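Here's the structure, in structure tokens; my notes come after.
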Amino acid sequence: MKTLTCALCVALLAFCGCSLLEDNGTHLAYALEKGAKRLKNKPDGSELVVRYEPLTGINQSYGVSFRASFGSLSVGGKNGGSTTYHQRFLHVPREFSVNKSNAATFLTLRKKGDRIELGEVY
């Protein structure tokens, strides 16, 4: 019985993917990664705005912050979390912080030479 239960749990996790283990910080990093990939082959000076919503939707209060000194991004609210994953593809030149309530967050990405940079968070 235990073997069957374990097998069902593994199958369920495989079916659902890793999103069950994803927090809002990682969710935002993945959205930024998609935006950075889209912007990578654009001309220098190009911009792209990424629209971000927390995993459980915008019907909540949450905060988004980037700490340049620590190299981390964090998202509060339900399923809050933080990560440094974005450092692989995004340069954060300064600290950013915004608090939201019942609204999406918008992040402007800019291409500067070979680098994608965070320009604004609103």
Side-chain angles (χ1 to χ4, degrees):
M1 186 69 166
K2 286 183 181 181
T3 304
L4 178 61
T5 303
C6 288
L8 287 173
C9 288
V10 169
L12 179 62
L13 285 174
F15 177 74
C16 295
C18 293
S19 63
L20 287 176
L21 306 175
E22 189 175 317
D23 62 36
N24 280 327
T26 306
H27 183 59
L28 174 55
Y30 290 159
L32 292 169
E33 182 178 34
K34 287 179 187 175
K37 284 180 180 178
R38 288 182 53 205
L39 198 54
K40 186 176 182 176
N41 296 320
K42 302 283 184 185
D44 195 31
S46 297
E47 291 187 356
L48 176 79
V49 176
V50 174
R51 183 179 194 273
Y52 169 75
E53 291 186 13
L55 287 165
T56 55
I58 59 172
N59 295 326
Q60 62 181 300
S61 294
Y62 66 98
V64 174
S65 62
F66 290 83
R67 301 290 176 229
S69 57
F70 297 110
S72 66
L73 75 82
S74 61
V75 181
K78 299 174 193 168
N79 301 326
S82 62
T83 186
T84 58
Y85 178 74
H86 65 288
Q87 291 180 338
R88 298 175 186 192
F89 48 83
L90 182 67
H91 174 69
V92 179
R94 63 183 182 85
E95 295 193 359
F96 294 90
S97 184
V98 65
N99 290 311
K100 292 290 192 158
S101 185
N102 302 317
T105 297
F106 297 91
L107 305 101
T108 304
L109 306 182
R110 294 188 180 113
K111 182 168 183 188
K112 290 191 173 184
D114 291 335
R115 170 166 91 175
I116 307 299
E117 189 173 281
L118 182 62
E120 274 183 88
V121 179
Y122 56 98

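Residue numbers count from 1 along this sequence. Because the structure is a prediction, the values reported are computed rather than measured.
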Query raised in the report: Under the ring pair (Phe, Tyr, Trp, His ring centres under 6.0 Å) rule, what pairs show up with a residue in residues 31-59, not counting sequence neighbours?
Result: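 Only His27-Tyr52 qualify under ring pair (Phe, Tyr, Trp, His ring centres under 6.0 Å).
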Could you pull out the closest heavy-atom pair between [X] and [Y], with the gap in Å?
X      : Y     : answer
Thr56  : Gln60 : OG1-NE2, 2.9 Å
Ala29  : Thr83 : CB-CG2, 3.9 Å
Leu118 : Pro93 : O-CD, 3.4 Å

Residues forming a side-chain hydrogen bond (donor to acceptor under 3.5 Å, both in side chains) with [X], sequence neighbours excluded:
X      : value
Thr108 : none
Lys112 : Glu117
Ser65  : Ser74
Ser101 : Ser61

I need the full list of salt bridge (Lys or Arg N to Asp or Glu O under 4.0 Å) pairs touching [range], with sequence neighbours left out, sorted by first then second residue.
range           : result
residues 49-58  : Arg51-Glu53
residues 95-111 : Glu47-Arg110, Arg67-Glu95, Arg110-Glu120
residues 70-84  : none

Query raised in the report: Looking at OG of Ser72 and CD of Gln87, how far apart are the two atoms once the value is rounded to the nearest 0.5 Å?
Result: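 Atom-to-atom, Ser72:OG and Gln87:CD are 8.0 Å apart.
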Query raised in the report: About how many Å separate NZ of Lys40 and CZ of Arg115, when rounded to the nearest 0.5 Å?
Result: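 Atom-to-atom, Arg115:CZ and Lys40:NZ are 15.0 Å apart.
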Query raised in the report: Is any side-chain heavy atom of Leu73 closer than 4.5 Å to a side-chain heavy atom of Leu32?
Result: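 Yes; the side chains approach each other to less than 4.5 Å.
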**Report entry** Side-chain touch Thr105/Val75, heavy atoms, less than 4.5 angstrom
**Finding:**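 No, every pair of side-chain atoms sits at 4.5 Å or beyond.
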Under 4.5 Å between side-chain heavy atoms, hopping through other hydrophobics if needed: is there a path connecting [X] to [Y]?
X     : Y      : answer
Phe96 : Val50  : yes
Ile58 : Val121 : no
Leu28 : Leu55  : no

Among residues at least two apart in sequence or on other chains, which ones pass ring pair (Phe, Tyr, Trp, His ring centres under 6.0 Å) with [X]?
X     : value
Tyr85 : Tyr30, Phe89
Phe70 : none
Tyr62 : none

Query raised in the report: Within the side chain of Asn79, is there an N or O that forms a donor-acceptor pair under 3.5 Å with the backbone of Asp23?
Result: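 Pair absent, no side-chain N/O of Asn79 close to backbone of Asp23.
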Query raised in the report: For Phe106, which fellow cluster members are found when Ile, Leu, Val, Met, Phe, Trp and Tyr are connected by side-chain heavy-atom distances below 4.5 angstrom, either directly or through intermediates?
Result: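 So far as hydrophobic clustering goes, Phe106 is joined with Val49, Tyr122.
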**Report entry** Atom CG of Asn102: over 12 foreign heavy atoms under 6.0 Å
**Finding:**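 Counting other residues, nucleotides and ligands, CG of Asn102 exceeds 12 neighbours.
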